Amino acid sequence: MKYRNQSFTRERISLAGNVFHQCRFEQCELIFDGSRSPTFFDNEFVDCVFVFSEDAARTLYFLSNIFHAGAGGRQIVGKMLRDVCKGQIHGTELRTALPSTIDHSLH
């Protein structure tokens, strides 16, 4: 669904696959379940929180586990977060491993 120039106050909003353009969110719970990503353009967020459920929550637990897993984990998650902040996350498959980091994948 597409939302444009709307204000949301003290609402619980499912984000999955929605488009928000020039909207204002105040004291809202923004819920992301890890399905289709929402699209945001020029919005304002005031005193809101993100609520992660289902696949999104599992992804956060996974990242936390990697961060605390041992040597190299903090660097992998840190690099990924820096890339997110730079807007450098693209595609459906992402590589986050740093050179010389031990491969902890399951074989």
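These figures come from a predicted structure and were not determined experimentally.
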Distance in Å, His68 NE2 paired with Arg74 CZ, rounded so as to fall on 0.5 Å steps: 6.5 Å
Side chains of Gln22 and Arg4 in contact at under 4.5 Å (non-hydrogen atoms): yes
Contact summary for Gln75 and Arg82, nearest pair of heavy atoms: O-NH2, 4.5 Å
Asp83 side-chain N/O to Gln88 backbone N/O, donor-acceptor pair under 3.5 Å: no
Residues Arg12, Ile31; criterion side chain to side chain contact (heavy atoms under 4.5 Å, CB included); working and verdict: CA-CA 7 Å; Arg12 200 169 154 87; Ile31 303 168; 3.1 Å; yes
Side chains of Asp55 and Ser35 in contact at under 4.5 Å (non-hydrogen atoms): no
From Asn43, Asn5, Asp42, Asn18, residue fulfilling side-chain contact (heavy atoms from CB on, under 4.5 Å) relative to Cys23: Asn43
Pairwise distance OG(Ser14) to CD(Glu29) - rounded to 0.5 angstrom: 12.5 Å
Spacing of CG belonging to Asp47 relative to CZ belonging to Arg10, to within rounding of 0.5 Å: 10.5 Å
Closest approach of Leu63 to Met80 (non-hydrogen atoms, all atoms of both residues): CD1-CE, 3.7 Å
For Phe20, the rest of its hydrophobic cluster, which grows through side-chain links under 4.5 angstrom: Met1, Tyr3, Phe8, Ile13, Leu15, Phe25, Leu30, Phe32, Phe40, Phe45, Phe50, Phe52, Leu60
